[in-house]
Structure formats: C-alpha cells, structure tokens
*Asks:* 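Could you have a look at this structure, given as structure tokens, before my questions?
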Amino acid sequence: MDGARIAVWSAGDPAKDTLVLVHGFGANHAWWAGMVPLLAAEHHVAMIELSGNGRSDHRSSYDWQIWAAEVAAVIDRLGAPATVVGHSMGGVVAVVAAASYPALVERLVVFDAYPRPRPGLRRHPRPQPRRYYRNREELAERFRLLPAQELPAPELTRLLIDANVEETPRGWTWRRDEAARGDYADPALDRLVSQIDCPTTWVFSQHSEHLHAMAAPRITEHSAGPYVMMSVPGTHHHLILEEPAVCSALLAVDPG
C-alpha cells in the first residue's frame, strides 16, 4: 500500500460480517489474541499491523491519514464495509478511517482512546535509537506495557513479544519502528467525532478515568451518529489483554 507491505492476519469465516482490528502504539496483531477465538465464532476477523509495526514495512514518515488509508485498503480488498475496532492509538486511527472513508466503515468500536489534540506534545517526537541485544531472552526481559501495568499471563506475554522481535546481524531487536507515532498535536483531531455518522461504541478502562472524563462531554456534544459509552470495571489501559471476554461481548452492544 503506497510502497509499503501491510501484514494482515485473519480468522473466521470470510462469508460472515467482517471486523477489522487495529492495534495501538508499538503493538501488533497479538494484542487481540484473547479476543479473536471469541469473535471468530460469529465474524470474519482481520487484524491489521499498521506500517511501522509487527511484520509490516516501515515508512520514512507516518501520520493518521496514512494509517487510516491502510485500514481502508484492507476493507476495500475484503470487498464489503466492515466494523472497525481500535485500541489506544489504533482507536484514533479507527476514528480517522471512519471519518475519511464513511462508505467502508459501517460501525466503529474504540477501546480506551479519544482523538483529542494535545498541543503540549512534540509534533513529531524524536524516536529513540534502535537498541540491539545479545539474545532473545535479554530483549524479552525489557518488555513492558505502556502505560505501565501488570503483564498478562506468561503465554500471552510471550505471544506479544514473539510478534515484535527479530534477529539481525547486529543482534536481537524490536520489529517496531520507534518513529511510528501518531501526531497528537494535530488540531484536526478535534473535528473528527463530528464527522462520523456510523454507530459508535466508546469503551474506557476504569483506571483511565481522566480520559473518560475528558472524552464524555465531547462525545455527547459532537457526535453526529448514534453512540454508547461504557467503562469496564477493574481494568487499565490495555483492557483488551485483561478482559478479552468482556471486551468481546461489548462488540454486541447496539449503540442505538
């Protein structure tokens, strides 16, 4: 897509309604591992790895529209409008996709994200230099979730790591491109919600109460289409890892 190969992982029956799952910053398709077996029983599930992440190619630069176009290209190739589900940075990408490609996105589900501009952030954050490690184990010991929270079960943690590491002549390193960051200083973010008319489900973690408190009045004021807002008790930012069954069930909630 525009010179970059985009990795897409799929599960379920292609004849059923499609869900396109979009991961967050520095993540990959494995973030959805707990939800996919549940979702694939009733849906065709496509997990995109945005450029700069997982097994997708890196680019010289990134922005919300590039990533949204990647999501749109996947839906277009599947041949029918889809429900787009995004977590964290991927939630913002999903919102941009819904606003930019309304004919392709029939429903939107956003986990712990809201497209708000944050002028205090550096417009194009300076990425950290790539680091290399002697072996996979040394690299795996450095793995942390951001924002910080307890790691999931060892089996799932291993999946998250394995999907994002590679061995090179210089040693073991992360596959992700540290420059693949969303521009949260973009003032256009503030106008996106008013441009979406598809049914939208907003799901926040309990411990993201500041995000929820900020987003709730904006969603109420600016939403052009039907929506529902919910919070999942006892969860943190990576709630799709903590409560995959609950998060999967919330996709069945009708925004009205």
Side-chain angles (χ1 to χ4, degrees), residues 19-36 38-39 47-50 52-54 62 64 67 84-96 108-118 120-122 125 128 142-161 163-164 174 176 178 180-186 189 192-193 200-219 227-251 253:
L19 304 175
V20 175
L21 311 185
V22 190
H23 62 77
F25 167 70
N28 52 66
H29 76 282
W31 252 253
W32 304 103
M35 295 176 61
V36 167
L38 303 171
L39 298 176
M47 296 157 279
I48 184 174
E49 291 188 324
L50 301 172
N53 296 275
Y62 304 88
W64 300 115
W67 284 324
V84 179
V85 183
H87 169 247
S88 191
M89 187 185 84
V92 178
V93 173
V95 170
V96 177
L108 184 62
V109 181
V110 181
F111 285 104
D112 223 42
Y114 183 81
R116 56 169 176 160
R118 289 178 258 177
L121 292 183
R122 184 191 299 270
Q128 299 178 355
R142 304 297 183 101
F143 180 72
R144 301 290 186 275
L145 295 176
L146 294 174
Q149 69 179 72
E150 185 176 345
L151 293 176
E155 297 81 6
L156 179 52
T157 296
R158 183 178 181 86
L159 284 177
L160 304 182
I161 295 171
N164 205 16
W174 302 112
R176 65 174 182 254
E178 288 289 343
R181 300 166 182 260
D183 178 9
Y184 286 97
D186 186 349
L189 292 176
L192 290 172
V193 173
T200 302
T201 300
W202 301 91
V203 184
F204 298 94
S205 69
Q206 178 183 339
H207 292 283
S208 293
E209 63 269 16
H210 297 302
L211 173 63
H212 192 181
M214 177 280 302
R218 288 170 169 81
I219 293 170
Y227 69 89
V228 63
M229 280 186 288
M230 293 172 285
S231 178
V232 181
T235 58
H236 302 77
H237 180 63
H238 295 273
L239 67 169
I240 61 174
L241 299 177
E242 293 176 310
E243 294 288 351
V246 173
C247 291
S248 297
L250 293 179
L251 268 66
V253 174

*Asks:* OG1/T157 to CG/L241 distance, rounded to the nearest 0.5 angstrom?
*Replies:* 8.0 Å
*Asks:* For W64 and D183, indicate whether the former's side chain and the latter's backbone hold a donor-acceptor pair under 3.5 Å.
*Replies:* yes
*Asks:* So, for V110 and G91, which heavy atoms are closest and what is the spacing to 0.1 Å?
*Replies:* CG1-CA, 4.0 Å
*Asks:* Taking L239 as the fixed residue, which of Q149, H207, H87, Q206 is the one that meets the side chain to side chain contact (heavy atoms under 4.5 Å, CB included) rule?
*Replies:* H87
*Asks:* How would you list, by chain and number, every residue that makes a side-chain hydrogen bond (donor to acceptor under 3.5 Å, both in side chains) with W31, sequence neighbours excluded?
*Replies:* H238
*Asks:* Is the backbone of N28 close enough, under 3.5 Å, to the side chain of E49 for a donor and an acceptor to pair up by distance?
*Replies:* no
*Asks:* Taking side-chain contact (heavy atoms from CB on, under 4.5 Å) as the definition, give me every residue that meets it alongside V228, ordered by chain and number, with sequence neighbours left out.
*Replies:* T201, M230, V253, P255
*Asks:* In Å, rounded to the nearest 0.5 Å, how long is the span from CE of M89 to CG of N53?
*Replies:* 6.0 Å
*Asks:* Under a 4.5 Å cut-off applied to non-hydrogen side-chain atoms, are F143 and L151 in contact?
*Replies:* yes
*Asks:* Closest approach of S88 and A113, non-hydrogen atoms and distance?
*Replies:* O-CB, 3.1 Å
*Asks:* Considering only heavy atoms from C-beta outward, does the side chain of L19 approach that of V109 to under 4.5 Å?
*Replies:* no
*Asks:* Quick one: side-chain hydrogen bond (donor to acceptor under 3.5 Å, both in side chains) partners of H236, sequence neighbours excluded?
*Replies:* E242
*Asks:* Check E178 against R176 and note the closest heavy-atom contact, atom names and distance.
*Replies:* OE2-NE, 3.2 Å
*Asks:* Which pair of non-hydrogen atoms, one from A30 and one from A163, has the smallest distance, and what is that distance?
*Replies:* CB-CB, 4.1 Å
*Asks:* Check ring-ring contact (aromatic ring centres under 6.0 Å, His included) between F204 and all other residues, then give those that pass, not counting sequence neighbours.
*Replies:* H212
*Asks:* Not counting sequence neighbours, which residues clear side-chain contact (heavy atoms from CB on, under 4.5 Å) with A33? List them please.
*Replies:* L156, L159
*Asks:* Once side-chain contact (heavy atoms from CB on, under 4.5 Å) is applied, do any residues pair with L38, and if so which ones, sequence neighbours excluded?
*Replies:* A245, S248
*Asks:* Return the minimal non-hydrogen interatomic distance between V95 and P115, and the atom names on each side.
*Replies:* CG1-CG, 3.9 Å
*Asks:* Could you list the residues that satisfy side-chain hydrogen bond (donor to acceptor under 3.5 Å, both in side chains) with W67, not counting sequence neighbours?
*Replies:* S51
*Asks:* I'd like to check the side-chain contact (heavy atoms from CB on, under 4.5 Å) partners of Y114; sequence neighbours left out, ordered by chain and number.
*Replies:* R116, V193, W202, L211, M214, A215, R218, I219
*Asks:* Taking only residues two or more places apart in sequence, or in another chain, which ones meet H23 in a ring-ring contact (aromatic ring centres under 6.0 Å, His included)?
*Replies:* none
*Asks:* List for me each residue that meets side-chain hydrogen bond (donor to acceptor under 3.5 Å, both in side chains) alongside S208, sequence neighbours excluded, and say none if there are none.
*Replies:* D112, S205
